[in-house]
Amino acid sequence: MEICRTVAAVRGHVARRRASGRTTAFVPTMGALHDGHGACVAVARDVPDGAVVVSIFVNPTQFAPGEDLSRYPRPLESDLEACRRWGVDAVFVPSPEEMYAEAQQAWVEVEGVTGPLCGRSRPGHFRGVATVVTKLFNIVQPDVAVFGQKDAQQALVIHRMVQQLALPVELRLAPIAREADGLALSSRNAYLSAAERERATALYAGLRAGRDAARDGERDPARVLEAVRGVFAARGVNDVEYAEILSLDDLSPLDHLTGRVILAVAARIGATRLIDNVVLRVSAGGCEELPTMW
Ligand code: AMP
């Protein structure tokens, strides 16, 4: 596995692989790798003749002031070990100076789908994400890029960006990898105390309750959300930033559940902000949970 610390090094690696007929499947990450990232790598490895490139970069421009940029975990050695185990071909680990040699003045802004959900509480977050992903795409020039369903709104933002800016990359999604008790894997789970870790299981339990209400025929979004919030209240999750059901086409609100919808939540467990979601396809015939949005 090649470890590339500069733009020139990773470009050279990709160019050599391309010259020998390999396509490039790219998985951008912020490191502190877990099996959720592994699920993305597994999707990348399914690309025929694909050479898998993983980037590890804690991108400062997507953290709002006061967020956890400085304490975000950076266990590089164990991350590289995980990449070796997963059969990754190259890891791109740039320094902040390599990615942002001077103050950034060129930004990529996506409107619309950046507005609701996390967009309300994380000013500038999606601008930072869209900008760094564009830059990483220009550096790595992947044929395929893989993102996780876990960060559903991020995937929708990048999808819109790729579509509307005609970026020559195919996007694929990995389903959410979960612990045995349902908690979605996240690098931020490391912040949780034992008691908080226990309480955090309420997120997926709440989503399941909402899903089950929809499966039982409930089509009023407010009633489905009552089921979600009922579980949160019963399990001591009181600091709920949002619990919403939106249309998957444009993240617009719904009066009545129909078509492909996302049930998404964000809550603080102690000081740690966690997100999770489920995707549902609702029709006259019933309601089915889908592993990914596409
Ligand atoms: P991050 O390092 O948190 O920026 O995540 C890098 C990529 O891994 C993103 O596309 C995430 O959506 C994806 N990812 C993170 N956690 C999970 C998970 N539990 N299951 C699937 N994908 C995930």
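In this text, all values refer to a predicted model and were calculated from it rather than measured experimentally. Counting starts at 1 for both ligands and their atoms, in listed order.
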So, the side chain of D35 versus the backbone of L185: is there a donor-acceptor pair under 3.5 Å, distance only?
no
Say whether, by atom type as modelled, one donor and one acceptor occur between the side chain of E67 and the main chain of L69 under 3.5 angstrom.
no
Closest contact, heavy atoms only, L207 versus V228:
N-CG1, 4.5 Å
What do you reckon, are the aromatic ring centroids of H159 and W294 less than 6.0 Å apart?
yes
Identity and separation of the nearest protein heavy atom to [atom]:
atom	result
atom 18 (C) of ligand 1	G36 CA, 3.5 Å
atom 7 (C) of ligand 1	P28 O, 3.7 Å
atom 8 (O) of ligand 1	H37 CD2, 3.4 Å
atom 12 (O) of ligand 1	D151 OD2, 2.7 Å
atom 10 (O) of ligand 1	G148 N, 2.8 Å
atom 19 (N) of ligand 1	L185 O, 2.9 Å

Please state which option from H34, E179, M30, Q62 has its nearest heavy atom closest to atom 4 (O) of ligand 1.
M30
Considering A177, S187, G38 one by one, which has a heavy atom nearer to atom 20 (N) of ligand 1 than any of the others?
A177
Less than 4.0 Å is my threshold; does some heavy atom of A32 fall inside it relative to ligand 1?
no
Any non-hydrogen side-chain atom of Q163 less than 4.5 Å from a side-chain atom of L167?
no
Between F147 and C40, is there a side-chain heavy-atom distance shorter than 4.5 Å?
no
State whether a side-chain donor-acceptor pair under 3.5 Å links R160 with T114.
no
Classify the angle between the aromatic ring planes of Y100 and F57 as parallel (below 30°), tilted (30 to 60°) or perpendicular (above 60°).
tilted
Could you walk me through whether R172 and T292 pass the side-chain hydrogen bond (donor to acceptor under 3.5 Å, both in side chains) check?
CA-CA 10 Å; R172 296 193 187 174; T292 56; over 6 Å; no
Can you list the atoms of ligand 1 that are under 4.0 Å from a heavy atom of [X]?
X	result
I176	20 (N), 21 (C)
P175	20 (N), 21 (C)
F147	10 (O)
C40	8 (O), 13 (C), 22 (N)

Are any of the N/O atoms on A184, whether in the backbone or the side chain, positioned under 3.5 angstrom from an N/O atom of ligand 1?
no
Sub-3.5 Å N/O-N/O distance, K150 and ligand 1:
no
H13, R17, R45 screened by side-chain hydrogen bond (donor to acceptor under 3.5 Å, both in side chains) with D89, the one that passes:
R17
